[in-house]
Amino acid sequence: MTDFFYAIEDLFVNVLFAPFDALRELELENWTAANILNWLFIVVGFVAFTYWMLQLKKYNDNNEENKSITSHSYL
């Protein structure tokens, strides 16, 4: 039974955590390269936010939304 748990340890330490070890070593050499994935997520989020705001502005400019107080029955 202990071999089973050692196999799980070996899987996580030597295989699944290998990319994180590589990033940890890369960070000592070049901080920007180690965080490139984070910067990519930030850029994608910013582009998506900008697109969403432009779509909201387009619908607002066309007056397609019913903004009356009685637009919903629960109001």
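- If you chain together hydrophobic residues whose side chains sit under 4.5 Å apart, Tyr51 and Val44 never meet in one group.
- When the side chains of ILVMFWY residues are joined at heavy-atom separations under 4.5 Å, either directly or via intervening members, Leu37 and Val47 end up in two distinct hydrophobic clusters.
- With hydrogens and angles ignored, the 3.5 Å screen pairs no side-chain donor or acceptor of Asn60 with any backbone N or O of Leu56.
- In this structure, Trp31 CH2 and Leu26 CG are separated by 12.0 Å, a value rounded to the nearest 0.5 Å.
- Taking each heavy atom of Val13 and Asp21 in turn, the nearest pair found is O-OD2, 4.2 Å.
- Under the 4.5 Å side-chain contact rule for hydrophobic residues, Phe17 and Leu11 share a cluster.
- No salt bridge links Lys58 with Asp61; every basic N to acidic carboxylate O contact stays at or beyond 4.0 Å.
- Cluster membership for Phe20 and Leu16, using ILVMFWY side-chain heavy atoms within less than 4.5 angstrom, is shared.
- Here the CD atom belonging to Glu27 is positioned 10.5 Å from the CD atom belonging to Glu29, to the nearest 0.5 angstrom.
- Residues Ile8 and Val15 fall within the same hydrophobic cluster, defined by Ile, Leu, Val, Met, Phe, Trp and Tyr side chains chained together at heavy-atom separations under 4.5 Å.
- Expressed to the nearest 0.5 Å, how far CD of Glu9 lies from CG of Asn14 amounts to 8.0 Å.
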